[in-house]
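As structure tokens, the structure follows; a few thoughts come after it.
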2 protein chains.
Amino acid sequence: MPATYDHPRAALTVDCAVFGLDDDGLKVLLIQRGIEPFAGRWALPGGFVHLDETLEQAALRELREETGLERVFLEQLYTFGDPGRDPRERVVTVAYYALVRLGDHTVQAATDARSVAWFATDDLPALAFDHDAILAAALNRLQAKVRYQPIGFELLPPKFSLTQLQRLYETVLERPLDKRNFRKKALALGILQELDEVEQDVAHRAARLYRFDEAAYRQKLADGFNFEL
Amino acid sequence: MPATYDHPRAALTVDCAVFGLDDDGLKVLLIQRGIEPFAGRWALPGGFVHLDETLEQAALRELREETGLERVFLEQLYTFGDPGRDPRERVVTVAYYALVRLGDHTVQAATDARSVAWFATDDLPALAFDHDAILAAALNRLQAKVRYQPIGFELLPPKFSLTQLQRLYETVLERPLDKRNFRKKALALGILQELDEVEQDVAHRAARLYRFDEAAYRQKLADGFNFEL
DNA sequence: AAATATAGTGTCAATACAACACTAAGTCAA
DNA sequence: TTGACTTAGTGTTGTATTGACACTATATTT
């Protein structure tokens with residue numbers, strides 16, 4: 001169904017910076033482009049926005065189609081639209097960032113031949129388009145946001161130890177934290193539910209497990225509580 | 001020059017929430033729509049993005065064309081793109097917010113007949129499209145941002161008293177601040193330049209005037225200084 | 001039983017924060 | 001000119017928060 005307009009229009013896409021955490025640190029999900037421009041280069045997953053879906057729906061759909069991911073934490077980041085960011089024509093992209101629990105999902109390449117892989121955020125290949133700038137912005141946002149909103153839990157398994165939580169913060173903030181101070185503060189937030197379970201299969205004293213208490217979080221959020229860590 | 005595409009495309013616009021400050025409090029600049037849809041309703045200034053300009057350039061151009069404002073502080077806010085937010089067709093808008101010194105500029109209606117006016121942010125008329133949601137987001141952002149970045153100076157004249165500065169913060173944050181504590185903190189930021197001038201034409205002891213020291217600000221920003229007030 | 005590896009815990013000093021009230025300096029009007 | 005008025009300007013103190021710091025507990029492995 002061809003469409004005709006008085007004036008040429010920009011194309012509109014969404015792109016997602018998807019972060020995951022494993023023992024090696026912070027990872028980002030990239031797909032390898034199969035077609036020009038930038039064929040063979042790695043890029044953020046994304047694609048064109050359909051006319052009948054919201055921007056967020058478009059981002060979730062592209063994630064599902066291109067990587068198999070579903071039910072991730074997703075938030076709008078920034079809109080990139082400089083002329084020339086796509087060599088073919090004017091393309092404006094609404095960038096999102098997403099957080100996933102690495103254990104939960106195994107990513108898979110989409111139906112077409114493009115491959116999907118996790119890359120360490122501190123050792124990235126050259127990216128297509130201006131995706132390096134988008135990714136840098138996403139990392140900045142993640143770092144800023146994690147300070148005052150407990151979004152980091154989205155990167156951890158549902159049950160986690162305080163040590164895992166601390167490693168997460170140390171990884172994202174890129175600085176070491178004092179163990180005792182961290183534990184005091186984390187527990188003082190009042191949004192961790194202590195479980196009657198401990199780690200399994202570790203070659204040392206097992207750590208107690210906690211769960212993120214979303215109900216308590218919502219309650220405190222409504223009361224204007226400050227979640228700075 | 002008509003353009004034809006395989007698939008229909010969303011239209012792309014920018015909208016600006018422009019804030020100013022006067023003795024009555026925080027104001028926002030609105031224009032009255034001349035045409036349908038929402039003819040006669042007040043709306044945020046904005047318009048279509050041209051293919052050869054950046055999003056920010058589009059926002060600045062629309063501001064100039066519709067309100068006569070130039071050289072304002074401008075920052076991207078969020079992109080609103082739900083289907084149905086414009087009754088005619090799919091329109092995605094990249095929203096910006098801007099801060100201006102009310103004394104500096106007199107706004108004027110654009111060449112066409114639409115009128116322009118400042119409205120108190122706490123007493124707004126019904127707005128066109130989803131502009132009430134955009135404006136609410138802009139106010140939230142301003143409030144959050146002013147806490148940790150000294151952007152408030154953009155709302156004040158170049159030379160201002162500490163009392164004016166405090167009134168600004170009290171207005172934006174919507175709570176009273178302690179005079180002595182505020183002055184201590186504000187001066188401790190090290191980004192205020194004390195001038196050898198005082199207020200003129202006031203019916204009481206005149207206050208010393210200060211200027212925002214941008215050089216010092218940049219310096220401290222680079223050093224990772226924390227500008228929380 | 002010893003070695004190893006991580007879990008888990010409290011104190012103290014320094015700093016930051018919040019509460020609080022009076023004097024100083026100018027204008028204006030009687 | 002003096003008194004009333006209005007806003008400018010200034011320090012201290014108690015409280016809360018932060019950051020630095022080291023050892024014991026508990027499990028596994030050899």
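Bear in mind that the values here come from a model prediction, so they are computed numbers and not experimental data.
When distances run from any side-chain atom of Lys185(A) to the nucleotides dT28(D), dG19(D), dA8(D), the shortest one goes to dG19(D).
You won't find any donor-acceptor pair under 3.5 Å spanning the side chain of Arg180(A) and the base of dA7(C), going by distance alone. Looking at Arg205(A), its side chain has no donor and acceptor atom pair within 3.5 Å of the base of dA5(C).
Within the nucleic acid shown, Arg208(B) comes within 4.0 Å of sugar-phosphate atoms alone, with no base atom in reach, counting heavy atoms only. Across all strands, Val202(B) comes closer than 4.0 Å only to sugar-phosphate atoms, never to a base (heavy-atom distances). Among the heavy atoms of the strands, none lies under 4.0 Å from Ser161(B).
Atom NE2 of His204(B) and atom C1' of dA4(D) are 15 Å apart (whole Å). Here the C1' atom of nucleotide dT9(C) and the CZ atom of Phe182(A) are 16 Å apart, to the nearest Å. Counting to the nearest Å, the C1' atom of dA21(C) and the CZ atom of Arg183(B) are 15 Å from each other. We find that CG of Asp201(B) is positioned 15 Å from P of dG26(C), with the value rounded to whole Å. What separates CD of Gln164(B) from P of dA8(D) is a distance of 9 Å, to the nearest Å. In this structure, Leu209(A) places its CG atom 14 Å from P of dA27(D), rounding to the nearest Å. Distance, Gln200(A) CD to dA27(D) C1': 12 Å, rounded to whole Å. Atom pair Glu199(A):CD and dT26(D):P shows a separation of 16 Å (rounding to whole Å applied).
Judged by distance alone, the side chain of Gln166(B) and the main-chain N or O of Leu177(B) form a donor-acceptor pair under 3.5 Å.
Two residues, Lys179(B) and Lys184(A), neighbour DNA chain D, and the one matched to the more 5' nucleotide by heavy-atom proximity is Lys179(B). DNA chain C is contacted by both Ala203(A) and Leu187(A); Ala203(A) maps to the nucleotide lying nearer its 5′ end (nearest heavy atom per residue).
When the options Val172(B), Leu135(B), Val72(B) are evaluated for a side-chain contact (heavy atoms from CB on, under 4.5 Å) with Phe19(B), the one that passes is Leu135(B). Partner of Glu194(B) under the salt bridge (charged side-chain N to carboxylate O under 4.0 Å, His left out) criterion, out of Lys159(B), Arg208(B), Arg183(B): Arg208(B) alone.
The shortest non-hydrogen separation linking Lys220(A) to Ile191(A) is CD-CG2, 4.1 Å. Closest approach of Leu162(B) to Tyr210(B), counting heavy atoms only: CG-CE1, 3.6 Å.
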